[in-house]
Protein chains: 2
Amino acid sequence: MKTLKNDPPGCSQSLLAMRDTLEVLGGKWKLLILHYLITRDHQVNTFKKMQREISGISAKMLTKELKDLEENHLVHREQQNTKPITVRYTITDYGRSSEQLIQQLVDWGKIHRAKLLSVDE
Amino acid sequence: MKTLKNDPPGCSQSLLAMRDTLEVLGGKWKLLILHYLITRDHQVNTFKKMQREISGISAKMLTKELKDLEENHLVHREQQNTKPITVRYTITDYGRSSEQLIQQLVDWGKIHRAKLLSVDE
DNA sequence: CTGTATCCGATTGGATACTG
DNA sequence: CAGTATCCAATCGGATACAG
């Protein structure tokens, strides 16, 4: 498990917690990947399939993000005995703890798109 | 108000909403800034004060992030008649719509720090 | 198929000095 | 005080080729 950065001096508890979350789940892709795996829990999600279906991500990025998520026990990596080799990625129980957060992202995105329509641009 | 990116083809509604949120509120600082302004709603929050108290942010970044947030009606900018000039930043009603999302970030950060302690590293 | 390695342009973001 | 302008280093991240 990756260690977190130290508290910036004088940082409140909630600020620190936010920073931690942004450090672990921040960036362009991690929450999208978690969402992908959560909503496709019963499927066999291979590297290739994920790259195809998570629109816009490159192999390099997907590798890196999956590695980060695995290090933090949010995602499980399982190599299959196929030929050629395939790898199955699944969400862990711990990874599921991000579900509410993800739901908030979805909810807010909908709020924002609605707001956009209601405002003269 | 900034327009959002178009839907990547074949993108589900929830995925699209997540992308929107990450586009508007993503990055290292925006949610920290909103949190700052929400929790200090009754104070006079000037540029300098914010830069001092949001540990680690540079003037350049704070300028840019505040501008983005203002463009999206999440933050209000108000120039004061002081000498030298000061500027007061406040959260808007719309900005307050991010409060639940921020709370989730705080909650998850606490979960994660606890998890970190419970796992042999 | 699942990555890794390399190249390289684009972007990020700090430091510093400066303007109104 | 509230930014802007400039320089520059570090990182990001795509494309391509390649390895197991």
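Remember, it's a predicted structure, so these values are computed and weren't measured experimentally. The chains referred to below are lettered A, B, ... by the order of the sequence lines, with proteins before strands, and numbering in each begins at 1.
- One atom, CD of B/E65, and another, P of C/dG14, lie 10 Å apart when rounded to the nearest Å.
- In this pair, B/Y89 and B/F47 present their aromatic rings tilted. The plane angle is within the 30 to 60° band.
- The side chain of A/P84 sits closest to C/dC1 out of C/dG14, C/dC1, C/dT2.
- Spacing between atom NZ of A/K60 and atom C1' of C/dA10 amounts to 12 Å, rounded to whole angstrom units.
- B/D68 has its CG atom 10 Å from the P atom of C/dT12, to the nearest Å.
- A donor-acceptor contact shorter than 3.5 Å is absent between the side chain of A/S97 and the backbone of A/D93.
- Among the atoms of the strands shown, only primed sugar atoms or phosphate atoms (P, OP1, OP2) are found under 4.0 Å from some heavy atom of A/T46.
- For the OP1/OP2 pair of C/dA15 and a distance below 4.0 Å, the side-chain nitrogens and oxygens of B/S58 include no atom meeting the criterion.
- Regarding contacts with the backbone of C/dT4, a side-chain N or O of A/K67 is found under 4.0 angstrom from either OP1 or OP2.
- More than 12 heavy atoms of other shown residues, nucleotides or ligands fall within 6.0 angstrom of atom CD in A/Q43.
- Distance, A/K48 NZ to C/dG3 C1': 10 Å, rounded to whole Å.
- The interatomic distance linking B/I54 (CD1) with C/dG13 (P) rounds to 15 Å, in whole Å.
- Taking the C1' atoms of five terminal pairs at each end of the helix from C/dC1-D/dG20 to C/dG20-D/dC1, the two resulting helix axes are inclined by 40°, rounded to 10°.
- The backbone N or O of B/T86 sits nowhere less than 3.5 Å from a side-chain atom of B/T46 that would complete a donor-acceptor pair.
- Put simply, chain B comes within 4.0 Å of DNA chain D, heavy atom to any atom, from D/dC1 to D/dC7, going 5' to 3'.
- Between A/D20 and B/K110 there is no salt bridge, since no side-chain nitrogen of the basic residue lies less than 4.0 Å from a carboxylate oxygen of the acidic one.
- Side-chain nitrogen and oxygen atoms of A/R88 include none within less than 4.0 Å of the OP1 or OP2 phosphate oxygen of C/dC1.
- By the neighbour-count criterion of 12 heavy atoms within 6.0 Å, atom NZ of A/K48 is sparsely surrounded, having that number or fewer from other residues, nucleotides or ligands.
- When hydrophobic clusters are built by joining Ile, Leu, Val, Met, Phe, Trp and Tyr residues whose side-chain heavy atoms come closer than 4.5 Å, directly or via intermediates, A/I85 is grouped together with A/M50.
- Nearest heavy-atom pair, A/T3 versus A/E23, reported as atom, atom and distance to 0.1 Å: O-OE2, 4.0 Å.
- Summary of the strand contacts: A/K64 and A/I85 both lie near DNA chain D, and taking for each the nucleotide with the nearest heavy atom, the more 5' one is attributed to A/K64.
- At distances below 3.5 Å, at least one donor-acceptor pair connects side-chain atoms of A/N45 with backbone N or O atoms of A/R40.
- In this structure, A/K49 reaches neither bases nor backbone, as no heavy-atom distance under 4.0 Å exists between it and the strands shown.
- For B/I57 and C/dG14, the CD1 to P distance is 8 Å, given to the nearest whole Å.
- One can place NZ of A/K83 at 14 Å from P of C/dC1, the figure rounded to the nearest angstrom.
- Where B/R52 and B/A59 meet DNA chain D, the nucleotide closest to each residue was compared, and B/R52 sits on the side nearer the 5' end.
- Listed nucleotides C/dC7, C/dA15, C/dT2 differ in distance to A/F47; the shortest reach to its side chain belongs to C/dT2.
- For the residue pair B/M18 and A/L31, the shortest heavy atom distance occurs at CE-O, 3.4 Å.
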